[in-house]
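Here the structure is laid out as structure tokens; the discussion comes afterwards.
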Amino acid sequence: MEILKTKREMQAWSGLKKKEGKTICFVPTMGFLHRGHVSLLEKGRPLCDELVLSIFVNPTQFSPNEDLDAYPSDIDNDLTLAKKAGVTAVFLPEKDDLYPGGFQTEVTPGPLAAHLCGKFRPVHFAGVATVVTKLFNIVMPDAAVFGEKDYQQLQIVRQLTLDLDFNIDIVAGKIIREKDGLAMSSRNAYLSAAQRVSARSLSQALQTAEKKIQAGETDPEQLKTELAAFIHSFDDTRVEYICFCDPNRLMDITRISSKPVLLALAVKVGHTRLIDNTLINR
Ligand code: PAF
């Protein structure tokens with residue numbers, strides 16, 4: 001497994017592989033890998049000849065009041081997991097290499113970024129779109145895997161790939177959950193034991209909604225009220241949003257029909273912001 005620390009090294013490595021006729025699959029991450037990330041690597045491994053993992057905590061996708069400085073990191077464990085998952089190159093850039101002094105260009109996503117998390121994290125998706133665009137140009141992959149846990153991010157990346165003419169297959173990886181249903185996230189590490197119990201309320205709310213919809217409930221507002229009350233019955237929880245939306249454009253829906261619906265939610269448990277979602281097919 002090669003470790004490449006600069007964009008020049010990464011570009012040279014990818015260029016060489018391409019010259020040799022090899023294909024490259026790419027999994028971008030911010031590190032502190034867990035089973036969710038490993039499942040993305042496992043999904044990507046058979047797709048191409050080479051598998052590249054990037055680890056970079058991208059400052060431009062955090063607002064000043066968010067957890068950039070506290071973001072967890074364990075590079076030794078990340079490298080062990082990467083090797084086990086069959087990664088052939090790890091890209092570990094420094095901030096100044098990706099954002100040198102004088103950097104000023106931003107990729108601004110369109111209306112997809114205005115819904116769900118975009119309402120609460122105003123700079124987030126421009127930061128994601130910018131760094132993903134840069135990483136695509138540096139790694140030059142044929143395929144890239146993104147998790148469905150960040151469903152809105154996945155849709156925005158699909159759209160930017162189309163809009164900016166990247167010839168990259170965007171592949172979705174399923175949400176991986178703890179035994180009790182909590183979606184895997186690096187941010188789960190922030191939770192105290194008591195908050196960890198409250199965090200279960202997210203996946204339980206998704207399951208409750210799914211059951212009610214399968215039983216015939218069609219009113220998103222009614223469900224939102226019930227789900228918010230359920231989540232708030234757990235200690236230290238504050239719902240940021242609960243949305244029923246169309247899974248492609250992420251627009252709110254006013255009535256649940258036989259069409260697939262995305263139920264997405266964001267909840268603060270203490271200071272930790274958790275997101276989760278499920279696609280419901282009646
Ligand atoms: O999903 C993430 O970990 C990040 O948003 C990504 C895609 C690596 C961009 O920084």
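Numbers for residues simply follow the sequence, beginning at 1. Remember, it's 1-based here, ligands and their atoms both numbered in the order they're listed. Side-chain atoms are counted along with the backbone in the values below, which use heavy atoms only and exclude waters and symmetry mates.
When each atom of ligand 1 is checked for a heavy atom of Val131 under 4.0 Å away, the hits are 9 (C), 10 (O). The ligand atoms of ligand 1 that sit less than 4.0 angstrom from a heavy atom of Pro28 are 8 (C). Of all atoms in ligand 1, listed by their number and element, those nearer than 4.0 Å to a heavy atom of Gln61 are 4 (C), 5 (O), 9 (C), 10 (O).
Ranking protein heavy atoms by distance to atom 3 (O) of ligand 1, first place goes to Met30 CG, 3.6 Å.
Closest approach of Gly31 to Ile55, counting heavy atoms only: CA-CG2, 3.6 Å.
Applying the 6.0 Å contact sphere to CZ of Arg238 captures no more than 12 heavy atoms from other residues, nucleotides or ligands. Atom NZ of Lys224 is surrounded by more than 12 heavy atoms from other residues, nucleotides or ligands within 6.0 Å.
Taking the ring centroids of Tyr71 and Phe32, they lie at or beyond the 6.0 Å cut-off.
Salt-bridge annotation for Arg177 and Asp276: present, with a side-chain N of the basic residue lying under 4.0 Å from a carboxylate O of the acidic one.
Across the listed options Lys149, Lys134, Gln153, His124, Gln153 owns the non-hydrogen atom lying nearest to atom 5 (O) of ligand 1.
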